[in-house]
Chemist: 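Dropping a structure here in structure tokens format, bear with me for questions.
Below, read A as the first sequence line, B as the second, and so on, with proteins coming before strands; counting in each chain starts at 1. Side chains are part of it too, since the values below use all heavy atoms of this structure and drop only hydrogens, waters and symmetry mates.
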Amino acid sequence: MLHRNAALVALGAFLLLSFAIAVTVALPLMQEELYAADEATPQYSELALKGKQIYQREGCFYCHTQQVRTIPNDAAFQGPNKRPSRPSDYANDNPVLLGTERTGPDLKFVGDRLPSKDWHIGHLKNPRAYDPRSIMPSYAHLPEEELEALAEYLVSLRDWSVKPLQQPERLADLTEADLPEEFRSLQNPFAGDLQGAVAIAEPIIAQSCVACHGPDLRGKQLTEKVRSADLYERSQARSEQFLYWAITVGSKLGMPGWERSLSEEQRWALATYIKNIQQIRP
Amino acid sequence: MRLTYREGAAARAFIYGGLFWMFLGMLFGLFAAVLMVWPDLIVGLPVLEYFTFGRVRPVHTNLVLFGWLTGAYFATLFYMTPRVVGGKLWSEGLGVFTALLHNLALGLTTVSLLAGGNVGREYAETPWYIKWIITATFLLVAVNLFMTVKNRTEKGELYVSAWYFLGALVTTPIIYVIGNQFLLPQNPIWGVNDAILNWFYGHNILGYWFTPVGVGAVYYLLPKLTGNPIYSHKLSMIGFWSIFWVYGPTGAHHLVNGPVPYWVQTIAIAFSVMLIIPVWTVVTNFYGTMKGKWHLVRDSVPLKFLTTAIVFYFITCFQGPMQSLRSVSAITHFTNWVVGHAHVALLGTFSFIMYAAIYYMLPRLTGRAIYSKALQEWHFHLSLWGFLLMFIDLTIAGLVQGAFWAQNQSANFIEGVAMMRPYYILRAISGAVIILGQVLFGWNVYKTATAGKPFEAGQDAGEAAPARAVEPAGA
Ligand code: HEM
Ligand code: HEM
């Protein structure tokens, strides 16, 4: 009888486990294509790898996943190519930081959404300044060069087959003359339809803009160095085309570019709203 | 110089060490829970400001899983193995030495994780040199127990608990070494295969360590506490062999809909669903063993813990197969639902089993009766109600989160973060209730060991069974 012999019981358990190792460990390990990189795979600089170390050390991966699933629920986290993440995206990752919980947003393509290192450094120092409801820890106690490395790592988390957004340093310093050629001649689809623009813009502003620009949209101090714009004041000096461009690309100082998260129509509605802000909400 | 140890010294050492890590680990859990409610609590405080959520959380999981539960499991193995196979523990001295090594490893774990030693792999966070100490400890424990079995005096059929113990002892070190990237300072395996390894380990440490030793302990305790033999030998066999067969290939159910090959996920899901077989047979066998003895539960706190733990085991393993399905995982994955599942398994089931085991073993290891029955009752009720509150809270929170993401396709994420706040507050409160229960437990253990009345076997409820656990029916 099997159960009289301790060695046989142990051997049986061992053999059953070996089956699992063969099928679910050894077999995937032998799949060459699971290690292959392609043009979308992140290439980490030395500084970015140092940032990854800090990311591990501080346990960012307990709150942030780095995997966009193959289901529509994750659509907002997809990169510019509108796709889930795939094995080749991780070919240069060791360890791979897929994560198991989404207390905060997925970061697999965060470098595409938020390409500004200054934005990241400001956010890491005081997440509550960007949104008071955030429960992310403040990392203001980390030395400046570590925050720099973390930010470098975060902006390299993107789809490398697509060029990163080109952002100006500071919008505040720019004038109409700096507006790129291709934006100058664009037509505003909401010309003469202010109500249509307000209907689209208002919910977006409440959801995505007041956190940084303040409920009155008059701007607020985000960090010691960064102040968001007073939209009443800026709207005076800008054309609708300039505002549309500013909203589309953002700035390194900390205005996110919305090209990849809002549609053209939505961005035009926002530009129209801000251009006429004195009239809409005096 | 030759040290000699009184019988039971190793088991006692592991119990006291385990309790220490349980308090510390739970306090870190509470600290993490509070940080999710007030993230700026520690901002600007010297040194303390480094202990952000991401550093505190792995200390919690490592201490409760490896310090507390594993410590209590070693104690259980050292106590029960000689008693089910006949004879004495091979070496008490080696046992006490492993207890020292174990506590050393946990101390190093705590310090290194707080100081930023996290290597970025869940449940495998500690630096490689600590993993070597942990592996050595485990192997020494295994040697001690294998020798105990080898020198056994009962030469007949091994009792079912011994199957589970032996199975766990051979498989766990293999899983640990493979899953921890072969304990090397530099991970040899890159990319998504690192995640596959991580979850092969992450799930099988649960399936081949936390589950079998816990189940084996119930097989020992239930006949002892009720005086009934195990309900069915056949169910015992089906349960044992099927769990060791079915648990192994399920690791990738932690990566459902993720960036690992579809077939790897599918295998994991299929085996996860099959896990219903071992779980339901074991649960049936346990409740069958209770037949005609339910009246004993009223007076026996260990039986209260055991019978509720079996319910929670059933819930865990009902949730498990469901949440591994692609469609269910789409909603529950990444949410607090999974945190609820983790706690119903490791707190509601296996910690409860260990509370029962300690209440049973302690008088027999110290020769003193449990100090206070009333404190035992309070421990049970605070643990149970605190835990139920936590579990229900996290489960609802997870569904709210998952439904919100599905509805918005993850846009407007911060709104969902804000929705979690009341649930996080309630979780912290429920955690505090649980910890209060454990303080009473710790006090009771301390008073038992130092001031308990003399104890003689047979004087507590249901101690009707013979010294060796009851022969399986039909053997
Ligand atoms: C018996 C059937 C079981 C099945 C099929 C099962 C299945 C699963 C699945 C699919 C997940 C991943 C959930 C997700 O991330 O979406 C999970 C997580 C988990 N399970 Fe189970 N489970 C079972 C039993 C257990 C037991 C007995 C334990 C404890 C000993 C346990 C402990 C855990 C823990 C700690 C996690 C969380 C892992 C993490 O993300 O950190 N489970 N389980
Ligand atoms: C001995 C009892 C306990 C055990 C075995 C245990 C185990 C665990 C495990 C395995 C996880 C990881 C869950 C996952 O990744 O899905 C976890 C997370 C956690 N536990 Fe516990 N726990 C225990 C008691 C407590 C208590 C008393 C509290 C107090 C409130 C607590 C608070 C937490 C928190 C805040 C997390 C982090 C959840 C997150 O990342 O969102 N735990 N615990």
Chemist: Identify which part of Arg55(B) has an atom lying under 4.5 Å from any heavy atom of chain A, answering side chain, backbone, both or neither.
Modeler: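 Both parts, heavy atoms under 4.5 Å.
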
Chemist: Which atoms form the tightest heavy-atom contact between Pro95(A) and Arg121(B), and what is the distance?
Modeler: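 In this case the closest contact between Pro95(A) and Arg121(B) is CB-CG, 3.9 Å.
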
Chemist: Could you work out, with side chain to side chain contact (heavy atoms under 4.5 Å, CB included) as the rule, every residue matching Val110(A), not counting sequence neighbours?
Modeler: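 Partners of Val110(A) under the side chain to side chain contact (heavy atoms under 4.5 Å, CB included) test: Leu107(A), Arg113(A), Leu114(A), His120(A), Leu154(A), Leu157(A).
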
Chemist: Evaluate the side-chain contact (heavy atoms from CB on, under 4.5 Å) criterion for residues Leu255(B) and Leu98(A): first the C-alpha distance (whole Å), next the side-chain angles of each, then the deciding distance (0.1 Å), finally the verdict.
Modeler: CA-CA 9 Å; Leu255(B) 302 164; Leu98(A) 294 183; 3.7 Å; yes

Chemist: Write out, in numerical order, the residues from residues 18-27 of chain A with a heavy atom short of 4.5 Å from a heavy atom in chain B.
Modeler: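 Residues Phe19(A), Ala20(A), Ile21(A), Val23(A), Thr24(A), Val25(A), Leu27(A) are the ones that qualify, each having a heavy atom under 4.5 Å from chain B.
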
Chemist: State the CD-CG distance between Gln409(B) and Asn73(A), to the nearest 0.5 angstrom.
Modeler: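 It is 7.5 Å, given to the nearest 0.5 Å.
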
Chemist: Can you say whether Leu41(B) sits under 4.5 Å from chain A via the side chain, the backbone, both, or neither, judging by heavy atoms?
Modeler: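 Contact with chain A is absent: no heavy atom of Leu41(B) under 4.5 Å.
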
Chemist: Tell me, for Lys155(B) versus chain A, whether the close heavy atoms (under 4.5 Å) come from the side chain, the backbone, both or neither.
Modeler: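 Backbone of Lys155(B) only, per the 4.5 Å heavy-atom cut-off to chain A.
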
Chemist: Need one label for Phe413(B): side chain, backbone, both or neither, based on atoms under 4.5 Å from any heavy atom in chain A.
Modeler: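 Only the side chain of Phe413(B) comes within 4.5 Å of chain A.
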
Chemist: Ignoring hydrogens and geometry, is there a side-chain-to-backbone donor-acceptor pair from Asn94(A) to Asn187(B) under 3.5 Å?
Modeler: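 Yes; at least one donor-acceptor contact below 3.5 Å.
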
Chemist: Answer with side chain, backbone, both or neither: which region of Val256(B) has an atom nearer than 4.5 Å to a non-hydrogen atom of chain A?
Modeler: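 It is the backbone, since no side chain atom gets that close.
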
Chemist: Evaluate the side-chain proximity of Arg102(A) to His333(B): yes if any heavy-atom separation is below 4.5 Å, no if none is.
Modeler: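 Result no, sub-4.5 Å side-chain heavy-atom pair not found.
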
Chemist: Of the backbone (N, CA, C, O) and the side chain (C-beta and beyond), which part of Val338(B) lies under 4.5 Å from a heavy atom of chain A, both, or neither?
Modeler: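 Nothing of Val338(B), per the 4.5 Å heavy-atom cut-off to chain A.
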
Chemist: Hey, could you give me the OG/CD1 distance between Ser329(B) and Ile71(A), rounded to the nearest 0.5 Å?
Modeler: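 Interatomic distance, Ser329(B) OG to Ile71(A) CD1, rounded to 0.5 Å: 7.0 Å.
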
Chemist: Pick from Asp93(A), Thr70(A), Leu17(A): which one has the most heavy-atom pairs with chain B under 4.5 Å?
Modeler: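 The residue among Asp93(A), Thr70(A), Leu17(A) with the greatest pair count is Leu17(A).
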
Chemist: Distance-only, no hydrogens or angles: does the Asp40(B) side chain make a donor-acceptor pair with backbone N or O of Ser138(A) under 3.5 Å?
Modeler: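 Not a single qualifying donor-acceptor pair exists.
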
Chemist: Measure Ala195(B) against the heavy atoms of chain A and call it side chain, backbone, both or neither at under 4.5 Å.
Modeler: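 Interface part for Ala195(B): both.
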
Chemist: In residues 56-65 of chain A, which residues are in contact with chain B at a heavy-atom separation under 4.5 Å?
Modeler: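 Checking residues 56-65 of chain A against chain B gives Gln56(A), Arg57(A), Glu58(A), Gly59(A), Phe61(A), Tyr62(A), Cys63(A), Thr65(A).
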
Chemist: Tell me, for Glu125(B) versus chain A, whether the close heavy atoms (under 4.5 Å) come from the side chain, the backbone, both or neither.
Modeler: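 Glu125(B) touches chain A through side-chain heavy atoms alone.
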
Chemist: To check you understand the geometry: which heavy-atom pair defines the closest contact between Thr52(B) and His141(A), and what is its length?
Modeler: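 Minimum heavy-atom separation between Thr52(B) and His141(A): CG2-CE1, 3.9 Å.
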
Chemist: Measure across Glu101(A) and Asn336(B) and return the closest heavy-atom pair with its distance rounded to 0.1 Å.
Modeler: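 Looks like OE1-OD1, 4.1 Å.
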
Chemist: Select, from Val417(B), Asn412(B), Val149(B), the one with the greatest count of heavy-atom pairs under 4.5 Å involving chain A.
Modeler: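 Most heavy-atom pairs under 4.5 Å with chain A: Asn412(B).
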
Chemist: Using non-hydrogen atoms only, which part of Ile189(B) is less than 4.5 Å away from chain A: side chain, backbone, both, or neither?
Modeler: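 Its backbone and side chain both get close to chain A.
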
Chemist: Within this structure, what is the CG-CG distance for the pair Asp194(B) and Leu29(A), rounded to the nearest 0.5 Å?
Modeler: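 Between atom CG of Asp194(B) and atom CG of Leu29(A) there are 10.5 Å.
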
Chemist: With only heavy atoms counted, which part of Arg421(B) is less than 4.5 Å from chain A, the side chain, the backbone, both or neither?
Modeler: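 Neither part, no heavy atoms under 4.5 Å.
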
Chemist: Side chain, backbone, both or neither: which part of Ile178(B) has an atom under 4.5 Å from a heavy atom of chain A?
Modeler: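 When you check distances to chain A, only side chain atoms of Ile178(B) fall under 4.5 Å.
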
Chemist: Could you go through the side-chain contact (heavy atoms from CB on, under 4.5 Å) check for Tyr424(B) and Thr103(A) one step at a time?
Modeler: CA-CA 11 Å; Tyr424(B) 286 148; Thr103(A) 305; 3.8 Å; yes

Chemist: Side chains of Val96(A) and Asn193(B): closer than 4.5 Å at any heavy-atom pair?
Modeler: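 A side-chain contact is absent here, since even the closest heavy-atom pair is not under 4.5 Å.
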
Chemist: Looking only at heavy atoms, what is the nearest atom pair of Ile196(B) and Pro28(A), with distance?
Modeler: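 Minimum heavy-atom separation between Ile196(B) and Pro28(A): CD1-CB, 3.9 Å.
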
Chemist: Indicate every side-chain donor-acceptor pair of residues 163-170 of chain B with a distance under 3.5 Å to a residue at least two apart or in another chain.
Modeler:
from      : atom 1 : to        : atom 2 : distance (Å)
Trp163(B) : NE1    : Leu158(B) : O      : 2.9
Tyr164(B) : OH     : Phe240(B) : N      : 3.4

Chemist: Measure Trp38(B) against the heavy atoms of chain A and call it side chain, backbone, both or neither at under 4.5 Å.
Modeler: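 Nothing of Trp38(B), per the 4.5 Å heavy-atom cut-off to chain A.
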
Chemist: Apply the side-chain contact (heavy atoms from CB on, under 4.5 Å) test between Pro259(B) and each candidate in Arg86(A), Gln66(A), Gln67(A); give the one that qualifies.
Modeler: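 Output: one option passes, namely Gln67(A).
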
Chemist: Under 3.5 Å, is there a donor-acceptor pair between the side chain of Ser410(B) and the main chain of Ala75(A)?
Modeler: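 Side chain of Ser410(B) to backbone of Ala75(A), a donor-acceptor pair under 3.5 Å: no, none is there.
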
Chemist: If you define the side chain from C-beta out and look only at heavy atoms, does anything of Leu34(A) sit under 4.5 Å from Pro261(B)?
Modeler: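 They are in contact (side-chain heavy atoms under 4.5 Å apart), so the answer is yes.
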
Chemist: Quick one: of Val192(B), Val43(B), Ile414(B), who has the most non-hydrogen atom pairs under 4.5 Å with chain A?
Modeler: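 Most heavy-atom pairs within the cutoff with chain A belong to Ile414(B).
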
Chemist: Is any side-chain heavy atom of Pro39(B) closer than 4.5 Å to a side-chain heavy atom of Arg128(A)?
Modeler: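 A side-chain contact under 4.5 Å exists here.
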
Chemist: With only heavy atoms counted, which part of Phe271(B) is less than 4.5 Å from chain A, the side chain, the backbone, both or neither?
Modeler: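 Looking at Phe271(B), just its side chain touches chain A.
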
Chemist: Does any backbone or side-chain atom of Gln401(B) lie under 4.5 Å from a heavy atom of chain A? Answer side chain, backbone, both or neither.
Modeler: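 Only the side chain of Gln401(B) comes within 4.5 Å of chain A.
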
